[in-house]
Amino acid sequence: YSFCTLLEMEDLKAAGYEYVRVGKAREADYTLKQAGSDKGFEWKGQEDYDRLGDAVTAYLYQELEGKYGCKRYNLSEGEKEVPIFVKDLDAPTVMVVIQGSGAVTPGMWARSLCINNSLHEGTIFPYLASAADRNWGVVVANPNTVAEGNECAELHVKRLLNKMVIPSKAQILIVAHSYGGWSTLHYLKTCGPEVMNRIKAVAFTDSVHKLKMKVPTEADIEKAEKPEKKRAQQKAREELKKVVPEAFMEPSDEVLKFLKEKCRNWVKSPEPLNAQVPSEHGVECVSAGHPDHVWTSGVAYPKVLEYLDSFMPPREKTFKEKIALAAAHKEAGNGSLKKGEYKKASLEYKKAKVYLKCIVDSEGDDQMSKITENFMKKSGKLRAKTAEDDKEGKALNAVVNNNLAQARLKLQDWQGAAEYASEALAHDKTNTKAMFRRGQALLAMGDLDAAKADLEAVHEVDPKSVASSLQELKVAYKKIADKEKKAYAGMFN
């Protein structure tokens, strides 16, 4: 697949297409649409498809350099230069991403998914976002570029690691899809024990590697359904053996041990994601959660990151992770609240508040706490909070406080209900649910004037919801008036 420079590629809109966001929950949830229309891709022949593929590649390169902060670097290979993408090579941990063979360029897992489905499944972008959350550096390989001195993907990956990653002294994580598995195994066979110790884990996604590559024999060709195809493979393998003879050798005991202990392959399978399936070629295998090869990297992504994390030292959770955990506890609390399990609901909501504390409490950060946060970020222990994190976290905290006020009302914890409702109102002064719940709590506590202010404010928006509470307030005022009247009557009797 010959590489095209950005200047040679058509702009997406010039090709009549654009990427449109279809959801907010997933990273890079963009689908290709015809410009100004809801229609997706339409087949108009292979030449048109390839031209669109080049335009998609140009778009992905712009995203790699723009949104994901990678730098394009030309890796010298023979007389040519091969473009790769790198980010933060001075980070303590660097993730190397190696795609499979075919018409895929840096940033892609599968061109067909980028065109027919979404960038979430078809690109490495979710992996890059997760790497940024963890303050990992990134190197994006380009094994399919045809260049002098880069006769095969195996040599490209070897040069890439030896020139770009090994000098950095970082610990290394590898994600390798399809034929990228062959290139990774070849590197493991040649890198030596010192470098192998720096490779902390390898995640294969439907890797096609075997422990030893073989050249088809004449007997294999005779038995083949398509002898001409097998003959072509024989010729290609004989040429490859001259360039990377190690690929055709048995792996050492050290490599076999590494494959067993530090590698996992997410293979195409109809089984649920991460379900155990039979191991192959020295590597533990689990289901990628999809029966189609091209989908494996995109669908398995959450479990791949979870696996890589297991080889890393414990780290501070990112703001996004804390928000996600808080949301999970909120949903658990909602379930308990519906069942009338108010103590259990309160506990879940309080757990959610613990995760959100770092976002809510940062509003009044002093200069020293900001200096500490910057230091933590540079040391790889914390990612800076984004405006989106801040907005989402504070909105979720308001909902949690509101629901917690309801749970405390049910438990007749009037003081707690009033406090949590006030916290919700600190985020949104017009939140009538929080105002109503605080009014109920204040009424129960006997603070009638404060209760009246809340309940009357709600009455202006939703009279029916507070009718009974206002009646209760009226009765409470009457009781106080009657009591005072009786007391005064005694004084002048």
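Hydrogens, waters and symmetry mates play no part in the numbers below; they use all other heavy atoms, side chains included.
In this model, a donor atom of one side chain and an acceptor atom of the other lie less than 3.5 Å apart for Ser207 and His209. With hydrogens and angles left out, the side-chain atoms of Asn162 and Tyr187 include a donor and acceptor closer than 3.5 Å. Glu284 and Ser279 share no side-chain donor-acceptor pair at under 3.5 Å. Side-chain atoms of Gln99 and His177 include no donor-acceptor pair closer than 3.5 Å. Counted by atom type alone, Glu154 and Tyr179 present one or more donor-acceptor pairs between their side chains at under 3.5 Å. For the 3.5 Å distance criterion, the side chains of Asn334 and Asn403 qualify, holding a donor opposite an acceptor. Asn401 and Tyr349 share no side-chain donor-acceptor pair at under 3.5 Å. With 3.5 Å as the limit, one finds no donor-acceptor pair spanning the side chains of Arg237 and Gln234. A donor atom on one side chain and an acceptor atom on the other are not found under 3.5 Å apart for Arg264 and Tyr307.
With salt bridges taken as basic N to acidic carboxylate O contacts below 4.0 Å, one links Asp389 and Lys320. Between Lys353 and Glu348, no side-chain nitrogen of the basic residue sits less than 4.0 Å from a carboxylate oxygen of the acidic one, so the salt-bridge criterion is not met. Under a 4.0 Å N-O distance rule, the pair Lys257/Asp253 does not qualify as a salt bridge. By the 4.0 Å N-to-carboxylate-O rule, Glu239 lies close enough to Lys242 to be salt-bridged with it. A salt bridge links Glu27 with Lys67: the closest approach of a Lys/Arg side-chain nitrogen to an acidic carboxylate oxygen falls below 4.0 angstrom. Checked for salt-bridge contact, Arg51 and Asp54 miss the test: no charged N lies under 4.0 Å from a carboxylate O.
In this structure, Gln46 places its CD atom where more than 12 heavy-atom neighbours from other residues, nucleotides or ligands lie under 6.0 Å away.
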Side chain to side chain donor-acceptor pair (under 3.5 Å), that's the test. Do Thr31 and Ser118 meet it? Break it down for me. CA-CA 5 Å; Thr31 297; Ser118 85; 5.3 Å; no

Are Tyr61 and Phe85 close enough, and set up right, to give a ring pair (Phe, Tyr, Trp, His ring centres under 6.0 Å), and what steps lead you there? CA-CA 9 Å; Tyr61 284 4; Phe85 292 86; 4.9 Å; yes

Does the salt bridge (charged side-chain N to carboxylate O under 4.0 Å, His left out) test come out yes or no for Lys391 and Glu388, once each step is laid out? CA-CA 5 Å; Lys391 184 178 178 181; Glu388 185 182 350; over 6 Å; no

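For the pair His120 (side chain) and Gly298 (backbone), a donor-acceptor distance under 3.5 Å is absent. For the pair Lys200 (side chain) and Asn197 (backbone), a donor-acceptor distance under 3.5 Å is present. A donor-acceptor pair under 3.5 Å links the side-chain atoms of Arg134 to the main chain of Ser130, judged by distance alone.
Ring planes of His290 and Trp295: parallel class, angle under 30° (limits at 30 and 60°). Note: Phe41 and Tyr17 have tilted aromatic rings, judged against thresholds of 30 and 60 degrees for the angle between ring planes. Ring-plane geometry between Trp43 and Tyr49 is classed as tilted, the angle between the planes lying from 30 to 60 degrees on a 0 to 90 degree scale.
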